Amino acid sequence: MVTKLRTAQGLQELCPAVQMSLLDTVDSLRLHGLSSMVPLPQILVCGDQSSGKSSVLESISGVPFPVQGSLCTRFPTELILRRTKSASIVISIVPHDARSEARKAELHAFHAEMTDFNELPRLIEQAKGAMDMQHAFSEDILRIKISGPDRPHLTIVDLPGLIHSENKHQSASDVELIQRLVTRYIKQKRSIILAVVSAKNDYANQIVLKLARMVDPNGMRTLGVITKPDALHAASESEQSFLSLARNHEVPFRLGWHVLRNRDTEREAWTLDERDAQEAHFFSSGAWATLAPECRGIASLRARLSKVLVQRISRELPNLVKEIDALSKKCQDSLDKLGKARTTSGEQRAYLIEISQAYQELIQNATTGTYTDPYFRESATSDGYENRLRAVLQNYNREFAKKITECGQRYEINTDKAKGAGARNDILTREQYIDKIVSTIEQHRGTELAGMYNPAIVTELFQELSMAWGDLAKLHVRKVCKATYQCLKRMVDHIADSAAAKTIFYGMFKPRLDAMEKNSLAKLSELLKPYQKSHPITYDQGFIKARETILQQREEARVIATLKDAFGDICMDGGTLVRATIDFQKLIQNLVPRQEFDADRSAAANVLDCVLAYYQTALSRFIDDVTVKIIEICVVGKLREILTPMSIFKLDDESISSFAGESEACRVTREGLIAKRKALQDGSTVCNTLAAPFIHALQAEYDAKGDLDYESAFFSDTGSADFVSMGDMPTCNVKNGHHVPSPARKKSHEEKLGFEWLHTVSSKKYKNKKKKAVLLGESEPPSSQDAPEVESI
């Protein structure tokens with residue numbers, strides 16, 4: 001016998017009129033498809049196999065599920081009740097994400113309708129066949145949607161029963177699959193867990209309690225349900241144990257426990273109304289009658305679930321609004337990156353022109369150091385700094401100048417007696433280097449007179465000193481080109497969608513950047529030739545000054561050393577009183593420069609001064625040449641030429657299509673984002689329409705009670721605020737199936753909370769108290785005596 005379908009009158013116990021506004025908000029979000037994007041509050045019925053889950057679901061929803069044979073517990077069953085003008089019953093399948101795209105399409109195609117619940121077992125079997133289950137259980141979802149004018153909005157999910165151990169019908173993989181599936185559902189922190197425990201088995205051995213504690217360790221969103229209490233012997237130890245459990249003494253949950261006496265599907269062919277009557281009779285006597293009425297029976301369970309569900313929704317509503325807005329913005333950003341649809345050559349060309357214009361603006365700002373665009377603002381991050389190309393290049397140039405100054409000279413000439421080796425250059429004393437030059441003079445001796453030297457010696461010594469310039473400069477050019485490459489790649493990724501950005505960069509930018517680097521290195525080779533293969537040439541007066549400076553510094557050092565030797569430790573920066581006997585003849589001899597009678601050493605000293613002076617002049621010129629003629633002209637100066645609107649106009653249609661043509665994957669992505677954006681926008685509209693009064697009431701309550709611990713009093717499990725516990729729920733009436741404000745609320749809004757009243761009160765606390773009173777439907781708002789006397793604005 002198939003049980004009779006319960007009417008909406010009984011189900012209204014689950015959704016009383018004063019709370020339907022909140023339920024309508026969440027159900028409207030679900031209707032707009034947001035449940036797949038944002039976790040929404042829902043009721044989950046879970047328990048061990050044969051614990052009576054389906055009977056509990058049947059009693060709560062009024063939908064007579066075929067519980068015999070465990071037809072509905074081989075996969076998650078989502079029961080969706082919707083209030084519509086016409087009645088319908090639709091069965092469909094939601095495939096699991098692990099399914100292939102082909103199988104997903106096949107399962108999505110499954111669609112069955114019926115008008116009588118007598119057909120439900122047959123259609124469920126058809127759905128089971130369509131799933132082609134390889135195991136005893138499936139992660140696909142069976143969705144049963146029941147619509148009608150007498151249906152409330154409600155969603156309940158019945159999860160497959162948890163298995164204790166494998167047997168010939170259920171493998172070890174089935175045990176693992178069911179636990180994983182149930183855990184995935186119940187760990188969603190906006191869900192209410194109905195943990196169904198059968199009185200036929202020791203509750204300590206039932207898996208559902210272990211899983212519930214694992215995902216909800218504090219028991220904040222779990223409601224325990226004890227079934228089959230009639231299976232216990234009166235006054236037995238087992239009965240007392242389950243009574244203690246029902247009183248929340250053994251496994252405490254914040255939502256407590258409830259006891260149901262469901263029908264035995266094998267022996268009792270009752271209608272749902274008869275089932276309720278038999279349950280009431282069972283709880284009217286015996287030990288179970290000692291339980292509080294609100295903790296036993298299906299009628300009180302519906303009321304409890306109503307309160308719990310509404311509180312859960314109110315807790316999560318503010319956070320839901322934030323999540324929806326954040327997802328909507330993210331979705332819009334993704335659509336903006338995809339740009340407009342590009343199916344024709346004209347659309348594709350227009351898209352590339354937009355990209356080129358955006359690129360021209362960004363590259364101009366990046367190379368001139370104008371970082372006002374939001375793209376450059378995150379300078380504290382690595383990527384943010386590297387987007388500021390001018391700053392990066394300037395710092396690289398400074399590092400290059402410092403590096404080549406410190407490490408570019410092959411030998412460091414030290415006037416002290418110190419010896420050793422530097423990072424790239426050996427340290428020699430002046431006398432040691434003069435000895436080296438004397439050896440070179442001997443090797444280059446020609447027809448010159450004694451004390452003179454072959455000019456080729458200066459060329460050879462300079463080339464030896466500057467031999468590291470080429471490697472240091474090449475390293476700098478490659479470093480600059482790499483930074484430019486990465487900067488431009490991020491820039492293209494920013495201004496174009498992901499698919500087009502890859503094609504545009506590797507098709508248009510990379511070839512030009514590779515050629516730019518090759519050309520820069522070739523230019524560097526040209527710059528190095530005068531220093532590596534030609535004799536020194538300069539007409540810079542700085543060369544003469546540098547040589548004179550070297551001579552003067554060396555002479556000053558010699559004189560100072562002579563004076564200190566004669567007068568002791570004296571200060572050269574000021575007056576010093578000296579009492580000593582001085583041999584002035586010896587002092588004069590030491591002060592007067594002694595002529596070098598070794599002609600080769602005299603020539604070597606002159607060569608050294610000449611080489612060092614020219615090195616300083618040439619190094620300064622080389623640093624400027626590298627940073628200006630290569631970095632600025634060959635690199636920075638070519639960046640704006642890579643992608644210009646004019647270059648786009650000159651491309652043929654085939655090239656345009658290859659760079660900006662939209663792939664099928666991109667088209668599908670855009671369509672999905674548009675659908676998602678619409679769902680999110682609709683959801684946001686729903687929240688702003690239905691949920692705004694509740695969010696405002698929350699803020700008003702908090703402002704009016706500034707001494708509240710906001711975090712502990714307001715925030716829910718997922719971080720949103722809870723105001724249901726702070727005040728009464730808004731009252732409303734139902735008229736012709738629609739919610740209308742109660743007379744008291746309407747009167748408060750129209751007569752006591754006009755905009756003029758809001759603008760004539762300066763006290764925020766008084767304003768919020770009265771605003772909350774109106775929003776929550778209180779008959780008497782705060783007395784106007786609480787408000788300060790102020791002039792009307």
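Keep in mind that this is a model prediction, so the values were computed, not measured.
Judged purely by atom type and a 3.5 angstrom limit, Glu279 uses its side chain to pair as donor or acceptor with the backbone of Arg261. No donor-acceptor pair closer than 3.5 Å links the side chain of Ser244 to the backbone N or O of Ser241. Side-chain N or O atoms of Arg254 include one that pairs as donor or acceptor with a backbone N or O of Met220 at under 3.5 Å. When atom types are taken as modelled, the side chain of Thr290 and the backbone of Ala287 share a donor-acceptor pair closer than 3.5 angstrom.
No side-chain heavy atom of Phe253 sits under 4.5 Å from any side-chain heavy atom of Leu223. Contact annotation: the side chain of Val182 never approaches that of Leu44 to less than 4.5 Å [non-hydrogen atoms, C-beta and beyond]. When side chains are defined from C-beta on, Gln206 does not count as touching Leu211, because their heavy atoms never get closer than 4.5 Å. Contact annotation: the side chain of Gln179 never approaches that of Ile163 to less than 4.5 Å [non-hydrogen atoms, C-beta and beyond]. The shortest side-chain heavy-atom distance between Ile193 and Arg221 falls under the 4.5 Å cut-off. Residues Leu181 and Pro76 are in side-chain contact: their nearest non-hydrogen atoms beyond the backbone lie under 4.5 Å apart. Val197 places none of its side-chain heavy atoms less than 4.5 Å from the side chain of Val225. By the 4.5 Å heavy-atom criterion applied to side chains, Ile144 and Thr77 are counted as neighbours.
Residue Glu294 qualifies as enclosed at atom CD: its count of foreign heavy atoms under 6.0 Å is above 12. Summarising the local packing, NE2 of His111 is surrounded by more than 12 heavy atoms from other residues, nucleotides or ligands at distances under 6.0 Å.
Ser59 and Arg275 share a side-chain donor-acceptor pair at under 3.5 Å. For the 3.5 Å distance criterion, the side chains of Thr227 and Asn262 fail to qualify, holding no donor opposite an acceptor. Judged by distance alone, the side chains of Arg296 and His258 never bring a donor and an acceptor atom under 3.5 Å apart. Defined by atom type and a distance below 3.5 Å, a donor-acceptor pair is missing between the side-chain atoms of Asp48 and Ser198.
Between Glu125 and Arg122, no side-chain nitrogen of the basic residue sits less than 4.0 Å from a carboxylate oxygen of the acidic one, so the salt-bridge criterion is not met.
Rounding to the nearest 0.5 angstrom, the gap separating the CD1 atom in Ile93 from the CD atom in Gln126 is 10.0 Å. Separating the CG atom in Leu291 from the CG atom in Leu243 is a distance of 5.5 Å, to the nearest 0.5 Å. A distance of 10.0 Å separates CD1 in Ile192 from OG1 in Thr222, rounded to the nearest 0.5 Å. Note that CD of Glu239 and CG of Asp230 are 10.5 Å apart. Values are rounded to the nearest 0.5 Å. We find the OG-CG distance between Ser238 and Asp202 to be 7.5 Å, quoted to the nearest 0.5 Å. Rounding to the nearest 0.5 Å places CD of Glu113 at 10.5 Å from NZ of Lys145.
Looking at every heavy atom in both residues, Leu123 comes nearest to Ile91 through CB-CD1, 3.5 Å. Nearest heavy atoms, Val259 versus Ala246: CG2-CB, 3.8 Å. Contact between Lys53 and Val45 at its shortest, heavy atoms only, is O-CG1, 3.8 Å. Across all their heavy atoms, Arg304 and Trp257 have their closest contact at NH1-O, 2.5 Å. Ile186 approaches Cys46 most closely through the heavy-atom pair CG2-SG, 4.1 Å. Smallest separation of non-hydrogen atoms from Ser51 and Val196: O-CG1, 3.6 Å.
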Item to complete: Quick one: do Leu79 and Val157 satisfy side-chain contact (heavy atoms from CB on, under 4.5 Å)? Show the steps, please.
Response: CA-CA 6 Å; Leu79 177 64; Val157 179; over 6 Å; no
Discussion item. For a side-chain contact (heavy atoms from CB on, under 4.5 Å) check, start with the C-alpha distance between His164 and Ile207, then their side-chain angles and the critical distance, and finish with the verdict.
Written reply: CA-CA 7 Å; His164 283 259; Ile207 308 173; 3.9 Å; yes
Practice prompt. Could you please spell out the steps behind the side-chain contact (heavy atoms from CB on, under 4.5 Å) verdict for Gln49 and Leu162?
Written response: CA-CA 5 Å; Gln49 265 193 345; Leu162 295 162; over 6 Å; no
Fill in: Criterion side-chain contact (heavy atoms from CB on, under 4.5 Å) on Leu57 and Ile156, from CA distance to verdict
CA-CA 8 Å; Leu57 182 67; Ile156 307 175; 2.9 Å; yes
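Partners of Tyr185 under the ring pair (Phe, Tyr, Trp, His ring centres under 6.0 Å) rule, at least two apart in sequence or in another chain, do not exist in this structure.
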